[in-house]
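The sequence lines fix the lettering, A, B, ..., with proteins before strands; numbering per chain opens at 1.
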Amino acid sequence: MPSHWVVETAMEALARLTHRGAVAADGKSGDGCGLLLKFPESFFRSVGESLGFSLNSRFAAGSIFLSQDEAEAAAARQQIEAAIAELDLQVLGWREVPVDASVCGEQALASLPRIEHIFVNAPEGMPRGRFNRRLFLARRRAENRIADATTYVASLSAATISYKAMVMPDALPAFYADLRDARLETSVCVFHQRFSTNTLPEWRLAQPFRFLAHNGEINTIQGNRNWAQTRANNYRSDKLSDIEDLNPIVSLSGSDSSSLDNMLEVLRAGGMDVLQGIRLLVPPAWQSVDDVDPDVRAFYEFYDCHMEPWDGPAGLVLTDARYAVCALDRNGLRPARYIITKDRHLTVASEIGVYDYSDADVEIKGRLGPGEVLAVDLMNGEVLDTGDIDEILKSRAPYKRWLKDGFRYLDSELVDTHTAAEPFDPATLACYQKMFNLSREELTDIVAVLAESEHEAVGSMGDDTPIAVLSSKIRSPFDYFRQQFAQITNPPIDPLRERMFMSLQTNVGRELSLHDIGPEHADQVIMNSPVLSQKKLRQLLSEEFFADAHAFIDLNVDDSMSLAAALDDICRQAEQAVRDGAIIVMLSDRYLVEGKVPVHALLATGAVHHHLIRAGIRCDANIFVETGTARDAHHFACLIGYGATAVYPYLVYQSLHDIAQRGDLDRHQQLGRSYRRGIRKGLFKIMSKMGISSISSYRGAQLFEIVGLNDDVVDRCFRGTVSRIQGIGLEQLANDQLALAADAWQRQTPIQQGGLLKYVHGGEFHCYNPDVVAALQSAVRSGDTADYERYARLVNERPVSTLRDLMEPKALGSPIPLDEVEPKEAILARFDSAGMSLGALSPEAHEALAIAMNRIGARSNSGEGGEDPARYRTERVSKIKQIASGRFGVTAEYLVNAEVIQIKISQGAKPGEGGQLPGHKVNEMIAKLRYAKPGVGLISPPPHHDIYSIEDLAQLIFDIKEVNPDALVSVKLVAEPGVGTVAAGVVKAYADLITISGYDGGTGASPLTSVKYAGSPWELGLSEAHQVLRRHDLRQKVRLQTDGGLKTGLDVIKGALLGAESFGFGTAPMIALGCKYLRICHLNNCATGVATQNEVLRTNHFVGVPDMVVRYFEFVAEETRQIMASLGVRRLDEIIGRVDLVDLGDGETGRQAKLDLTPVLSTAGASDETPRFCTELRNEPFDKGELAAKILDETRDAIIHKQGGKFGFTIRNSDRSIAARLAGEIARHHGNTGMADAPIDIMLRGTAGQSFGVWNVDGLNLHLVGDANDYVGKGMTGGQIVIRPGDNVGFVPNEAAIIGNTCLYGATGGALFAGGTAGQRFAVRNSGATAVVEGVGDHCCEYMTDGVAVVLGETGLNFGAGMTGGFAYVLDISRRFVDRYNHELIDIHRITPESMEANLHHLRSLIMRHHELTESAWAARILEDFRSFLPKFWIVKPKAQDLRSLIQSLRQAA
Amino acid sequence: MSVHPLQFLEVPRTDPEKESADDRVQHFGEIYGHYDDAVAASQSGRCLSCGNPYCEWQCPVHNYIPNWLRLIEEGKLFEAADLSHQTNSLPEICGRICPQDRLCEGACTLEDGFGAVTIGSIEKYITDEAYAQGWRPDLSHVVDSGKRVAVVGAGPAGLAAADVLARSGIGPVVFDRYPEIGGLLTYGIPPFKLEKDVVLRRREILEGMGIQFQLGTEVGKDLPFAELLADYDAVFLGLGTYQAVQGGFAGEGLNHVHAALPYLIGNVYQVMGVDNPPMPHIDLRGKRVVVLGGGDTAMDCNRTAIRQGAASVTCVYRRDEENMPGSRREVENAREEGVEFLFNCQPLSISGDQHVDGVVVAQTRLGAVGADGRRPAEVVEGTETLLDADVVLIAFGFLPDPPEWLTDHEIDVLPSGRLRVATHGDYAMQTTNPKVFAGGDMVRGSDLVVTAVFEGREAAASIARYLTDR
Ligand SMILES: Cc1cc2nc3c(=O)[nH]c(=O)nc-3n(C[C@H](O)[C@H](O)[C@H](O)COP(=O)(O)OP(=O)(O)OC[C@H]3O[C@@H](n4cnc5c(N)ncnc54)[C@H](O)[C@@H]3O)c2cc1C
Ligand SMILES: Cc1cc2nc3c(=O)[nH]c(=O)nc-3n(C[C@H](O)[C@H](O)[C@H](O)COP(=O)(O)O)c2cc1C
Ligand code: SF4
Ligand code: SF4
Ligand code: F3S
């Protein structure tokens, strides 16, 4: 029933979620929020009538943003009216919407539009559907015609109307008088507040859109937008024939959410209902989950051939007046909690407890799981869950039968015994290897490793070679492409532990209409991977569909032909072939001929892909690439990213065959297969970095930044890819290939040795070459300035290798005497040693670094491996402490012993991936500090499981500031396009410092392809961040740091000019300590004792002392001062961000001269007065944490005097991180464990906000009656958290969600008892806490290394992935657990009373304690009938641990 | 990735077995034994495969050391031999006589406290063993360009140039005034460092590659240089340096004062059993010998004298041991064999009437670092003493002695006597006559075998480019 209550409640809820949104620098402008109402017809009828409109029985109102400029507004009105009139609808007139602009902040006011309602009549008798479709078309037409930037149709429909504004949520009702009008009644209200991350805030981008509100991010947006355009024809239907009016199909700029809204709208307009639309756009992980109903699976599989998913963290709420729907992405990366009350109101929100209700009235308290939907059919009020909806969808067509008839699966089990059926003779092979620039190094260190180990090769230290365009060598065109990766705005996914949610399934066939479906849609060949073996390729080409429908296009062209002409010709051939019916277009460089040169496969693929799109026939064919250029996973990713369906890397197979012949590799038979597995893992990894789970969403998504190609190349082959600084063109690329060809046909020329990975004389230049390393070491040993100067010259005058090498500082004034320059202490204070974990480094090296930094008045960074508490409060302490996704050793005590706490989002050497510590480096000591198992390798999850979006980051920062209010919070990012927007978001999330790392930073262990291909130069990222922050008036709130390859004072000066006020050094101080850049850090055999845990090497061969590091930094500071003096600069502040003082040299080689670095030097329109560096001491959160303050006030004495006591409070969802302040206070006074004997009990009632009990410590017991949101007990190390429902509730407690997602993440101790179910990712990275809950979502106990989890009910999927320690008990009533746990590392056993008495007692005592604390009725039932429940329990443990030792340890504990 | 990452710790550096001093001074054969396959593999396995292979960096020919070590570890001998020849034309020779402790092994990461990888010995092992097993360079794929180049001088520089030219499909003809190839390898370096069979074997390999030798032909005398210029597409010069440095003090002209090289060569002829050698054999049996100089040549004189049965051998050097230019290993060997060293000791004159009876020496101390980066030795007043001697061998090194005909053909000679060549670019090592290239001692001043090899190779590569471009 429509009511105004719904609107009011929505507004209240919105206000209670204020902490999830952003506030602008003015303190009042939000990033935007709003409501979308099911059309409140009676309200608009009365408003319309009062304006004198004669409304028909069917009418609509639109909400329109217009320009404040009357002339512009009038023009826009006219366009809109015209568009509506063209479709034979009648415009009745306009209503100025009453708003109160005084509640807007400065920024919002500056862009405040005029907001008006337009009233439109439907001709009598026109059905609702047609009316809405026409309104939709009218809107699209109007949008295409109106040029001004302000005009925006927020909604125009008889189904919904939107009210949105760039204000804080609590100001929304004040802003719109309508919302306070009691006549405004509706039955569905979608509400949303934005924290803009991928774009900057604007009025029009406030949500909800026309249908939906989206919390999250579409990771695949670029590909989706491209494909949407490409498929235009396939969206046509009898209902929507004017597809041409919809150009573009979805908006190509603006936010990802608005494009998703567009897409859904198009599908709906074509006749698809929203249920189906949303399920197709955001499908569940149907590929990898085994127990899916075959008919349901068939439905998804069928459509998957014709449309790719829109992937990413997505909590979606939408309504089209027929249905109200909410849905969650397949990974469940956003929270969605709901309640259904007795009066039939359904409330869904990111949090529970967003309005006041009584638990007694709640019938169901639930949460949406990954890939789930919940809908209300507004026609009959029926609630539909996931199963109901899939049931409806699957029965709409005989999908399964069609698939059965149409689909051909290429047998994945085909064993290809011949790596190469027709092996090349050695001379031919060498010719190909030279032609495709395949060096011996790449063969042995990349290709052979893949084939041998099925893994990508791992290496250490950063990429110290010049970026491709600066190189004087011939570099592969692939090297000009830098992979993009998700950071903060959207999470990477975990390709190791959550592989089951990912898929490389590749379909080959034509894509057809999404509306007029039939059996012919299923004429497809399905492959499990896009990496082809010879056999598969042959089999495929002989399939009946393709035998006559494939075209071979030779990429080898006359060497006299220009590359441009060659590409045109190839495109022409491809177009012709497709028009002639080819379904497969095979681009091949397989047949080399002297006198011809191959066009690079990537150029050809991109060019053909875009050409076919322009020709409108892209969907009719699949591009296959048979090439010698593809060797590592990045190569495949590039080809697929620019449209290739599948790739056949024949030269790799030929080379492997040759290697096998020579006896280099064993397992001759399986080399090709192992290689493909390795590549597949690599592809998963590359996709996961962008948070993409399905290769079909990656294909054509162009998720790269191009560095060093000119616009001509980009427009021709890679249109739409970010490319900022120009570079070489086709001519140069062609010359490179000609040079290779000349050598290739010279039979006596041997293949290249290489030198890209390691220094080889005559090979690629390395910035840390032996001369540089030797010179630096002699300088820090002798302490002689002349030696340092020699080093500095070697670095500062090296051949151009980095972008900054092309820049020279200009003088600010005439030179000044050195003593007028600020003292070196002022410079030193700007230096940090970069985060390098103990574990990667030996304790000796780690401590030497810390001591040195402390001595020079700077800070060292602990890295992500924790720190020995013995170092706290001594000279050996690291003042910067890092929090990374592995959460190693992150406890309250760790955090309160830091001056700066750095959240490591990504690292230059491997952005989008977690840290790695190989097993042989995990000795007893390291294991103890990291709360892990000795000998077991540690790969941190790619995402922080508590940061899937910017609002989550804000929460983590809040958590940190609660536990340690004195600390500054730093966020470490890696340069990539868009990092500026991310940085702005990070500032709005209240970070005090931001580090922008360059791609070239060091690492202790990373896959080589990550080191080489991901991330951008910091020069680009830093300048972008600096520009964006200034433009948004945020620069003064945050200190910017840069790191990556910094070596000398000149680097410092250049960094400062580009906007950095602080500098991180990783590799250089290591070298000062004796590291010789051996790049074997990952092998634990570092001969210099720097990066090893080996006793002998550490004690006998580590020569470093803190003084070496001290000298190094003093030298750098002195050099900096000298340069300052020569530039006439007294204080570094004077030149920070002074891009006008950068002089661009003109490159040494032809390639370098083609770069255009001016974008790096733009001031982006910010005025000179805008601050250029940080001036505010700290960036205080908007949320003052009042309840927390109150609790601390009341308990402070009890803590300080260690008295203990019991205290009571009420709590609601906006009270976040409750008790963290206490934990911090306790840790500061007594450490993690000191309060254990004088506990404080905090008794609470209500709904706790996020991070309840975060970083909890011993002696702090929280008792909550009610429920809690996400992150309960995160990082807890001691104490106890009990959460139970009230006594009189309307729902069934053990089926209801009582705590949210990601609880106990990174906990190292303590206990949690929750009288209800938990969400996704319960106890991830738990390494010591004990917990009892009554049900959990997916990924429970992931990466767990210690502790105990008891689950007294259903679990989700992927239980125990990556679990290497601790154990769990699971009550498996439905007998589905066997299918739900991850079999890789754990096994499960029944508890037999005879032999496992200890376990039995243990379990029972835990349940008893649970019952005692939570009064759980369910626990009582289990205990009552324990005998019959016992056989339904599983004990879950790591395979590596044997059952007996487990029992043993329990006995001892008892 | 190394299979045993800690092999460098677990397996100590082990040189091939060295014959005891007592035994080895009885003959002129090489003093080091050979690795067997297992030891070669396990010694190779000690390599860390450094990100910065300092060995390769310091090796003058920049051998792909870690890579062939890896191949040997894996037992892939022939591949290693191929790879080794990709950067070095005389690997088995360099492996024997490079001063590794100053070059590859001295720079090896493991030299810091673990014992460097035995790079030289493995390099020697590779070719020796591969050759024994039948390996030969494979030139079957080389396409003959039809071009021909004259190489003057069959020393390391010339041989290296010829090797690279042959591999590039350019036919080299090598001229030397001596009857055997090798230059100083044969007529200079004593056989206990490098047995002459090794050079002969190399000759066989080179001839197998189609390289022609015209020996016993002195260019400029037996054959006018102009003829070469006319008959060949280009010429490479690697004539070495043969003008012995004089002490410049009194008594150098006395009897029984000998220059090092003629003495050594005479001995080589004797060992080779050549009848009527062009250089007489000087026998030092029972003599008290003083050797002046501290370089490799001096060491060779010392040790040759010992093997000839000298009563005593004293080596006089004006700087300290630290600052000796020669290989530390050779000094050690000499000392083991009974050579006395007088460091910080400067000869002032040679005394005697007609015959030598002694050397007047004075003590020195090292002054401040000079412009050349070395510390000069300064004589300490009043410390002169006389050192008794029957024979004095002067080994102060060699100066360039460019033949006169060079200038007739527009080939510039620097004031130092070294040839002027391009130092970098496409035609590195080109002399001022575009058709003529040069390398080795005559360009660098007397230096090392391996540097001569490097320059010969560089020059050949330049010649190949020059001939293609022309
Ligand atoms: C005693 C001694 C010991 C040494 N020990 C070592 C050692 O242990 N390790 C090391 O690395 N280096 C050693 N060296 C140095 C090394 O031998 C030389 O640096 C190296 O041989 C130089 O090579 P080259 O080709 O430039 O000249 P050479 O080896 O001198 O070759 C020049 C050749 O040119 C020939 N030639 C000259 N003029 C003519 C002409 N007009 N016509 C025809 N042919 C002509 C000569 O006969 C000779 O064969 C030693 C040198 C000496 C003297
Ligand atoms: C051995 C080693 C270990 C590292 N460990 C971490 C780490 O734990 N966390 C992190 O954020 N970065 C880590 N880094 C990256 C550095 O913090 C820093 O970003 C990078 O090294 C800077 O570049 P530079 O080495 O060229 O100075 C590590 C780097 C090295 C060399
Ligand atoms: S050539 Fe000489 S320096 Fe080079 S590796 Fe061989 S022995 Fe060492
Ligand atoms: S320096 Fe030594 S350890 Fe390193 S690569 Fe060379 S030989 Fe191996
Ligand atoms: S690069 Fe790594 S392996 Fe050692 S020498 Fe340096 S720490």
Side-chain angles (χ1 to χ4, degrees), chain A residues 425-427 430-431 440-441 444-445 449 452-453 457-461 464 662-664 742 745-751 753-754 757-763 766 768-774 920 1074-1089 1092 1094 1096-1097 1100-1101 1103, chain B residues 1-2 4-10 46-67 70-71 74-76 78-79 82-83 85-87 107-114 138-145 164-170 454 461 464 468:
Chain A
D425 63 63
C431 170
R440 197 176 287 121
E441 175 182 69
T444 54
D445 292 1
V449 173
E452 207 165 24
S453 66
V458 172
S460 44
M461 303 313 276
D464 64 333
R662 285 185 280 127
D664 267 43
W745 297 111
Q746 283 285 320
R747 294 184 60 180
Q748 52 263 33
T749 313
I751 75 165
Q753 177 63 26
L757 304 174
K758 292 183 169 182
Y759 170 88
V760 171
H761 175 83
H766 284 257
Y768 275 118
N769 60 45
D771 285 300
V772 170
V773 172
H920 42 250
C1075 153
K1076 288 188 175 177
Y1077 214 60
L1078 303 182
R1079 314 188 81 156
I1080 47 176
C1081 318
H1082 55 295
L1083 298 176
N1084 198 30
N1085 61 347
C1086 169
T1088 67
T1092 177
N1094 179 290
V1096 181
L1097 295 173
N1100 301 342
H1101 299 281
V1103 298
Chain B
M1 198 198 301
S2 180
H4 309 292
L6 292 173
Q7 188 147 329
F8 68 104
L9 269 185
E10 287 152 8
R46 296 180 69 242
C47 171
L48 294 170
S49 195
C50 302
N52 271 348
Y54 294 90
C55 51
E56 173 180 336
W57 173 56
Q58 282 295 318
C59 165
V61 290
H62 306 291
N63 276 332
Y64 300 136
I65 298 167
N67 309 85
R70 166 93 181 269
L71 290 170
E74 294 168 351
K76 278 180 247 141
F78 281 20
E79 266 184 73
D82 282 331
L83 186 61
H85 280 78
Q86 210 170 301
T87 49
C108 172
T109 302
L110 295 181
E111 181 61 10
D112 268 4
F114 304 93
D138 175 14
L139 271 67
S140 58
H141 54 268
V142 174
V143 188
D144 187 359
S145 66
V164 172
L165 288 169
R167 289 173 192 267
S168 316
I170 298 170
F454 179 69
T468 338

* Could you walk me through whether B/Arg70 and B/Cys47 pass the side chain to side chain contact (heavy atoms under 4.5 Å, CB included) check? -> CA-CA 8 Å; B/Arg70 166 93 181 269; B/Cys47 171; over 6 Å; no
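- No donor-acceptor pair under 3.5 Å is formed between the side chain of B/Thr87 and the backbone N or O of B/Val61.
- A/His1101 contributes atom NE2, which lies 9.5 Å from atom CG of B/Leu110 (distance to the nearest 0.5 angstrom).
- Residues passing the ring-ring contact (aromatic ring centres under 6.0 Å, His included) test with A/His920, sequence neighbours excluded: none.
- Among B/Pro66, B/Gly75, B/Ser168, the residue with the largest count of heavy-atom pairs under 4.5 Å with chain A is B/Ser168.
- Contact annotation for B/Asn67: only side-chain heavy atoms (C-beta onward) come within less than 4.5 Å of a heavy atom of chain A.
- With contacts defined as side-chain heavy-atom distances shorter than 4.5 Å, the pair A/Asp464/A/Tyr1077 qualifies.
- When heavy atoms are compared at a cutoff of 4.5 Å, A/Val1096 approaches chain B solely by way of its side chain, counted from C-beta outward.
- Put simply, of A/Asn1094, A/Leu757, A/Asn1084, the one with the most heavy-atom pairs under 4.5 Å next to chain B is A/Asn1094.
- Here OG of B/Ser49 is found 11.5 Å from CZ of A/Arg1079. Values are rounded to the nearest 0.5 Å.
- With hydrogens and angles ignored, the 3.5 Å screen pairs no side-chain donor or acceptor of A/Asn1085 with any backbone N or O of B/Leu48.
- Heavy atoms of A/Ala457 lying under 4.5 Å from chain B are absent altogether.
- Comparing A/Gly762, A/Pro750, A/Ala427 by how many heavy-atom pairs each has under 4.5 Å with chain B, the most go to A/Pro750.
- For B/Phe8, the part lying near chain A is the side chain, with the backbone staying farther off; criterion is any non-hydrogen pair under 4.5 Å.
- Remark: the A/Gln753 side chain and the A/Arg440 side chain contain an N/O donor-acceptor pair separated by less than 3.5 Å.
- For the pair B/Leu6/A/Leu1097, a side-chain contact is recorded, criterion being any heavy-atom separation below 4.5 Å from C-beta on.
- Contact of B/Leu139 with chain A is not made at all, since no heavy-atom distance falls under 4.5 Å.
- Among the residues in residues 53-60 of chain B, those with a non-hydrogen atom closer than 4.5 angstrom to a non-hydrogen atom of chain A are B/Pro53, B/Tyr54, B/Glu56, B/Trp57.
- A parallel orientation is assigned to the rings of B/His62 and A/His761, their planes being inclined by less than 30° (bins at 30° and 60°).
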